[in-house]
Amino acid sequence: MPTQPPDTVGEFEAGLDALDTPVRQQANAAARTRKFLRVVVPPLVALVGIIAIWQLLWALAFWPEYQLPAPLTVWDELWARLHTGEVFAILWTSLHRAVLGFLIGVVIATPLGLLVAKVNVVRRAIGPLLTGLQSLPSVAWVPAAILWFGVTPTAIYVVVLLGSVPSIANGLVSGIDQIPPILPRVGKALGAGRMAAARHILLPAALPGYLAGLKQGWAFSWRSLMAAEIIARSPQLGKGLGAYLDDGRSFSDMPTVIAAIALILIVGIGIELLAFRPAERSVLRARGLSGAPQ
Amino acid sequence: MTAIMDELTDPIRTNAVRIERVSKSFSAEVHALDQVDLDVAPGEFVCLLGASGCGKTTLLNLVAGLDRPSDGRIELATGRPAVMFQESALLPWLTAARNVELPLKLAGIPRGQRKQRVEQLLELVRLGGLGRKRPHELSGGMRQRVALARALASTVDSAESGTAKDVLLLMDEPFSALDAITRDVLQSELIRVWAQTGASVLFVTHDVREAVRLGQRVVLLSSRPGKVVRDWHTADTDPDSEPELVDEINGALREVISAHATS
């Protein structure tokens with residue numbers, strides 16, 4: 001039984017709390033600027049370096065011009081397309097397909113992942129298949145998709161889905177598998193039924209793994225789309241980045257080829273930086289996980 | 001008919017927990033509990049003491065409804081028991097306040113009432129004003145206090161019974177992962193909360209000193225299979241004879257453990 005008067009215990013406890021609480025540094029404006037510079041400067045330097053080497057190699061004329069054009073020639077090609085607005089039409093054709101395909105993938109893969117994670121028979125039946133599909137390059141589906149659906153947007157979406165669904169579903173499965181076993185028990189003790197437990201405990205607890213799956217799923221969607229666009233050409237499909245790249249190949253126009261590759265890269269990096277990195281950071285930060293990329 | 005009704009509603013005659021000949025086997029060889037009988041009176045603080053492998057956690061899980069007994073009956077005269085584990089097991093993506101709020105949300109309690117109750121409970125564990133902190137921003141002791149507040153929140157079965165008198169608190173070595181100073185503070189906090197809520201408590205521990213300090217009654221379980229060996233009424237022990245009692249119980253515990261050396 002406590003022998004001290006209660007307010008002494010309270011004060012003692014408050015002191016203990018103050019000492020034991022993890023200390024967090026508050027970032028001031030100067031520190032934030034420094035951090036920003038630390039993040040932005042290295043990749044910029046790397047980029048400048050790569051272009052400088054490229055310029056040097058071109059100047060040394062190791063390869064003929066049609067194999068290695070000057071950086072400026074590529075820039076002129078890009079600038080011309082930008083000027084006419086053609087780039088935006090090309091980007092839109094590819095991006096809207098990739099995003100739409102990715103979103104359909106999420107809608108299909110999420111319940112699929114839940115089923116595989118929570119129903120043992122389903123896991124044994126299609127778990128290995130999902131993992132196998134994940135390592136199958138989805139470009140392998142292009143011939144089949146064209147034979148099934150013709151050179152249509154449907155064929156493209158089928159390839160994109162076959163690329164993204166296994167990654168997203170597997171990400172969710174590993175997210176659920178990594179939930180500490182105490183959490184579902186806590187849910188039960190707090191009075192959560194099956195559905196409530198899935199909504200309030202299972203899904204939020206699996207979120208980091210799920211997000212990693214989404215990120216990989218997006219990368220696979222984007223790759224699959226490019227593969228499909230390069231191979232499957234028809235007026236019905238319009239001109240996306242893949243088609244633009246293939247144009248460069250058929251006209252032996254290296255500046256176009258490099259410009260197309262640069263655009264594909266820029267989209268990939270842009271989506272990562274604008275969508276996935278911030279989402280991942282806020283999820284990990286909220287949980288006090290230090291793996292958050294800066 | 002009226003007699004039965006009386007027995008069901010009369011808090012003096014109905015035990016908060018009645019465990020009757022409860023056995024639990026996990027397989028043909030592994031018998032965790034064997035014919036355990038144990039009652040907890042309303043408002044009583046009972047400490048379950050035993051070495052590792054004595055099935056005290058298993059028994060607690062059975063009472064909490066997280067597992068079913070292989071045989072025997074468990075009756076609760078209370079609402080949903082509040083359960084606390086060795087780890088705080090707070091949901092890391094929710095703030096302290098939201099963790100406490102979750103069981104109220106699950107019970108379908110309206111928003112305004114929830115906020116009020118959460119504030120009350122955080123105040124009860126002396127964490128008022130810290131509701132916006134995330135678990136990783138709190139110390140181990142503070143996390144256990146949030147877990148206690150959350151466990152107490154889960155005892156509200158329906159919207160109307162806000163300050164139910166028939167609270168049952170089930171605690172599975174909740175302080176064993178804490179440092180000595182924090183453990184000491186939390187023990188006195190628990191006694192305060194117990195006095196304030198009038199809860200019945202079933203507290204599992206392997207620490208004799210802790211059991212004697214906290215409990216009104218200490219129940220010793222044997223190991224493999226778990227069986228009630230003895231119990232001691234410790235409520236009115238005067239501080240001077242407390243070390244003797246601790247020694248006595250320690251002796252009994254050692255005997256139980258030594259008995260396994262031959263088998």
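Letters A, B, ... are given to chains in the order of the sequence lines, protein chains preceding strands, and every chain is numbered from 1.
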**Complete:** In terms of heavy-atom contacts, Ala189(A) and Leu66(B) come closest through N-CD2, 3.9 Å
**Gap between atom NZ of Lys105(B) and atom CZ of Arg199(A) - 0.5 Å precision** = 6.0 Å
**Request:** Just grab all the ring-ring contact (aromatic ring centres under 6.0 Å, His included) pairs involving residues 75-100 of chain B, residues at least two apart or on different chains.
**Result:** none
**Message:** Take a 6.0 Å sphere around CD of Gln116(B) and say whether it holds more than 12 heavy atoms from other residues, nucleotides or ligands.
**Reply:** no
**Prompt:** Counting only heavy atoms not in Trp232(B), do more than 12 sit closer than 6.0 Å to its CH2 atom?
**Reply:** yes
**Request:** Pick whichever of Ala205(A), Pro180(A), Gly187(A), Gly193(A) has the most heavy-atom pairs under 4.5 Å with chain B.
**Result:** Ala205(A)
**Complete:** CG of Leu91(B) to NE2 of His200(A), rounded to nearest 0.5 Å, is 10.5 Å
**Asked** So does Arg98(B) have more than 12 non-hydrogen atoms from other groups sitting under 6.0 Å from CZ?
**Response** no
**Message:** If I measure from the heavy atoms of chain A, does Glu87(B) come under 4.5 Å with its side chain, its backbone, both, or neither?
**Reply:** side chain
**Fill in**
Applying a strict 4.5 Å limit to non-hydrogen atoms, the region of Ala89(B) in contact with chain A is both
**Request:** Check the surroundings of atom NZ in Lys115(B): do more than 12 heavy atoms from other residues, nucleotides or ligands lie under 6.0 Å from it?
**Result:** yes
**Asked** Just how far is it from atom CD1 of Ile182(A) to atom CG of Leu90(B), taken to the nearest 0.5 Å?
**Response** 10.5 Å
**Request:** Flag yes if more than 12 heavy atoms outside Phe36(A) fall under 6.0 Å of its CZ atom; otherwise flag no.
**Result:** no
**Message:** Is it the case that over 12 heavy atoms from other parts of the model lie below 6.0 angstrom from the CD1 atom of Ile181(B)?
**Reply:** no
**Request:** Find out whether Val186(A) and Arg150(B) are in side-chain contact, i.e. whether some heavy atom of one side chain is under 4.5 Å from a heavy atom of the other.
**Result:** yes
**Prompt:** Using non-hydrogen atoms only, which part of Thr95(B) is less than 4.5 Å away from chain A: side chain, backbone, both, or neither?
**Reply:** neither
**Request:** Could you tell me which non-hydrogen atom of Ser154(B) sits nearest to which non-hydrogen atom of Leu190(A), and how far apart they are?
**Result:** CB-CD2, 3.7 Å
**Message:** Surrounding CD of Glu244(B) (heavy atoms of other residues, nucleotides or ligands, distance under 6.0 Å), is the total greater than 12?
**Reply:** no
**Asked** Does the pair Asn61(B) and Arg185(A) meet the rule for a side chain to side chain contact (heavy atoms under 4.5 Å, CB included), with working shown?
**Response** CA-CA 10 Å; Asn61(B) 283 342; Arg185(A) 282 177 63 212; 3.0 Å; yes
